[in-house]
Engineer: 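Input: one structure, supplied below.
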Amino acid sequence: MERIISFTHLRNIRDLGGLVTTDGRAIRSGLVYRSDSLHKLAGPHAAEDRERYAKLGVRTVIDLRHGWEIDQQGRTPHDTAPTWHHLSIEHRSYDQYHQSFEDVARFFADRYVETAEDGREEIRTVLELVADPQSAPVLYHCKGGKDRTGIITALILSLLGVPEDDIVADYALTEAVRPLLLAEWEASGAKPLPPGTGAFRAPARAMELFLAELTQKHGSVSGYVASTGADPDDLARRLRALYLDNAFVGRER
């Protein structure tokens, strides 16, 4: 839970800073954030959260939600960042709420692969924005900060050189805040969730399967990034120059 930043209304916001690459360099803190939807910062009830959020100094927000989600839930408040981009990477909607699963990890891994394949153009744009020095500090989010946000995070961390085990562990952190997300769902008056629901689940195995599938299809995560039309080597170089500390911090193994 240490990496999850404490807010009253944002349940799943964290700084990627502190994660360490295979060559012993740490991601610098305060430059790249992942989050659940920032529409939760709207309204007078969230004034304290907005004040806390403002201290992050976010310059660029990337909203990964569908257009219809923005219509239903609300847009990111205009004062959350000077620049706001809407890039819906998910082309096929799916319901993780009102059904039960025998293999929730396999279900989510399959959906992540679909999203990665369908949303190549938008994903390339997201990665290019994150790699642009003019964007930082940057924050990207979807609804719960788990699925679409998790895909983008996995790609960024892979290009930065973070080991797969740590990419998987970062994804699985959402399990720690799942009770808060479920309580938020219930408080909204939405339809009750059935037993065995996959809502807000983030099993480590889902991310492991997703990364394995990308590697099987494209040879590596970098191979997938190349399939979007981006230059993975150039992206990796720019991301590392922007986000990695120059000091060698080593790795505990």
Side-chain angles (χ1 to χ4, degrees), residues 1-38 40-41 46 48-64 76-77 79-85 126-142 144-146 148-177 180 202 207 221 235-253:
M1 290 289 287
E2 295 88 347
R3 292 191 47 242
I4 298 173
I5 304 172
S6 178
F7 280 81
T8 301
H9 300 283
L10 293 177
R11 310 297 191 183
N12 201 16
I13 177 171
R14 51 193 186 263
D15 188 341
L16 297 189
L19 290 172
V20 180
T21 64
T22 55
D23 62 357
R25 297 171 65 194
I27 299 176
R28 296 164 60 198
S29 297
L31 288 179
V32 57
Y33 299 93
R34 55 175 294 171
S35 181
D36 48 333
S37 180
L38 296 188
K40 299 173 185 180
L41 295 177
E48 185 177 334
D49 270 6
R50 283 200 303 277
E51 182 177 341
R52 188 175 302 144
Y53 170 88
K55 294 178 181 178
L56 301 180
V58 173
R59 183 182 297 175
T60 304
V61 167
I62 304 171
D63 191 332
L64 305 174
T76 298
D79 61 355
T80 53
T83 304
W84 178 79
H85 298 275
V126 172
L127 294 177
E128 291 286 354
L129 284 169
V130 175
D132 185 347
Q134 297 301 313
S135 296
V138 60
L139 179 149
Y140 51 92
H141 73 87
C142 54
K146 173 177 78 78
R148 290 160 287 189
T149 297
I151 292 168
I152 294 299
T153 301
L155 297 175
I156 291 170
L157 294 181
S158 180
L159 289 169
L160 284 170
V162 173
E164 182 174 316
D165 286 352
D166 292 338
I167 295 172
V168 170
D170 177 77
Y171 165 80
L173 273 179
T174 294
E175 287 281 348
V177 298
L180 297 175
M207 182 53 65
V221 174
L235 267 177
R237 178 186 59 77
R238 289 188 284 138
L239 286 167
R240 292 171 185 175
L242 181 57
Y243 294 114
L244 295 186
D245 200 322
N246 288 326
F248 177 84
V249 298
R251 295 189 57 81
E252 294 182 4
R253 289 299 184 192

Engineer: Between Tyr33 and Pro137, is there a donor-acceptor pair closer than 3.5 Å when you use the side chain of the first and the backbone of the second?
Structural biologist: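 Not confirmed, Tyr33 side chain does not pair with Pro137 backbone.
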
Engineer: Answer yes or no: is there a donor N or O on one side and an acceptor on the other, between the side chain of Arg59 and the main chain of Pro82, under 3.5 Å?
Structural biologist: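 Side chain of Arg59 to backbone of Pro82, a donor-acceptor pair under 3.5 Å: no, none is there.
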
Engineer: Decide side-chain contact (heavy atoms from CB on, under 4.5 Å) for Leu159 and Arg240; before the verdict, give the C-alpha distance in whole Å, the side-chain angles of both, and the deciding distance to 0.1 Å.
Structural biologist: CA-CA 8 Å; Leu159 289 169; Arg240 292 171 185 175; 5.8 Å; no

Engineer: Rounded to the nearest 0.5 Å, what's the gap from CZ on Arg50 to OG1 on Thr80? Could you check?
Structural biologist: 10.5 Å

Engineer: Of all heavy-atom pairs between Gly145 and Asn12, which one has the smallest distance, and what is that distance?
Structural biologist: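 That would be O-ND2, 3.2 Å.
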
Engineer: Does the side chain of Leu157 reach to within under 4.5 Å of the side chain of Asp166, using non-hydrogen atoms?
Structural biologist: no

Engineer: Determine the minimum heavy-atom distance between Asp15 and Gly30, stating which atoms define it.
Structural biologist: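 Minimum heavy-atom contact is OD2-N, 2.7 Å.
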
Engineer: Using a 4.5 Å cut-off on heavy atoms from C-beta on, say whether the side chain of Asp245 contacts that of Arg28.
Structural biologist: yes

Engineer: Measuring from Glu128:CD to Leu239:CG, what's the distance to the nearest 0.5 Å?
Structural biologist: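 If we round to the nearest 0.5 Å, Glu128:CD and Leu239:CG are 9.0 Å apart.
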
Engineer: Would you call Lys40-Asp49 a salt bridge at under 4.0 Å N-O?
Structural biologist: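 No salt bridge links Lys40 with Asp49.
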
Engineer: Within the structure provided, determine whether Arg14 and Thr174 are in side-chain contact (heavy-atom separation under 4.5 Å).
Structural biologist: yes

Engineer: With side-chain contact (heavy atoms from CB on, under 4.5 Å) as the test, would you mind laying out the steps for Leu155 and Val221 before giving the verdict?
Structural biologist: CA-CA 7 Å; Leu155 297 175; Val221 174; 3.7 Å; yes

Engineer: What distance separates Arg238 CZ from Leu127 CG, expressed to the nearest 0.5 Å?
Structural biologist: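 Going from the CZ atom of Arg238 to the CG atom of Leu127 covers 9.5 Å.
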
Engineer: Ignoring hydrogens and geometry, is there a side-chain-to-backbone donor-acceptor pair from Thr76 to Leu38 under 3.5 Å?
Structural biologist: no

Engineer: Rounded to the nearest 0.5 Å, what separates atom CG in Leu64 from atom NE2 in His85?
Structural biologist: 12.0 Å

Engineer: Taking Gly161's backbone N and O only, do any of them form a donor-acceptor pair with Thr21's side chain (distance below 3.5 Å, no angle check)?
Structural biologist: no

Engineer: Please name the residue in the list Asp63, Thr153, Thr60 that meets the side chain to side chain donor-acceptor pair (under 3.5 Å) test with Tyr140.
Structural biologist: Thr153

Engineer: Please evaluate residues Leu139 and Ile13 with respect to the criterion side-chain contact (heavy atoms from CB on, under 4.5 Å), reporting the C-alpha separation (whole Å), side-chain torsions for both, the decisive distance (0.1 Å), and the verdict.
Structural biologist: CA-CA 9 Å; Leu139 179 149; Ile13 177 171; 3.8 Å; yes

Engineer: How about Asp132 and Val138: do any of their side-chain heavy atoms sit closer than 4.5 Å?
Structural biologist: no

Engineer: Would you give the length of the straight line joining atom CD1 of Ile156 to atom CG of Leu19, rounded to the nearest 0.5 angstrom?
Structural biologist: 11.5 Å

Engineer: Looking at side-chain heavy atoms only, is the closest gap between Ile27 and Val162 below 4.5 Å?
Structural biologist: yes

Engineer: Are Asp170 and Arg34 packed together at the side-chain level, in the sense that at least one heavy-atom pair is separated by less than 4.5 angstrom?
Structural biologist: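 Side chain of Asp170 against side chain of Arg34, heavy atoms only: contact under 4.5 Å found.
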
Engineer: How long is the span from the OG atom in Ser35 to the CD1 atom in Ile4, to the nearest 0.5 Å?
Structural biologist: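 It comes to 11.0 Å.
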
Engineer: If you define the side chain from C-beta out and look only at heavy atoms, does anything of Asp36 sit under 4.5 Å from His141?
Structural biologist: no

Engineer: Please check this pair: side chain of Arg11 against backbone of Gly144, looking for a donor-acceptor N/O pair closer than 3.5 Å.
Structural biologist: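 Looks like no, no N/O pair under 3.5 Å.
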
Engineer: Write down the atom of Tyr243, the atom of Ala136, and the distance for their closest heavy-atom approach.
Structural biologist: OH-CB, 4.0 Å

Engineer: Step through the shown structure and confirm whether more than 12 heavy atoms of other residues, nucleotides or ligands are within 6.0 Å of CD on Glu48.
Structural biologist: no

Engineer: Give the intermediate values and the outcome of side-chain contact (heavy atoms from CB on, under 4.5 Å) for residues Ile167 and Ser158.
Structural biologist: CA-CA 8 Å; Ile167 295 172; Ser158 180; 4.1 Å; yes

Engineer: For the backbone of Ser6 and the side chain of Arg52, can you confirm whether one donor and one acceptor N or O come within less than 3.5 Å of each other?
Structural biologist: yes

Engineer: Contact between Leu56 and Tyr53 at the side-chain level, heavy atoms closer than 4.5 Å - yes or no?
Structural biologist: yes

Engineer: Work out which heavy atom in Arg148 is nearest to a heavy atom in Cys142; give both atom names and the distance.
Structural biologist: NE-CB, 3.6 Å

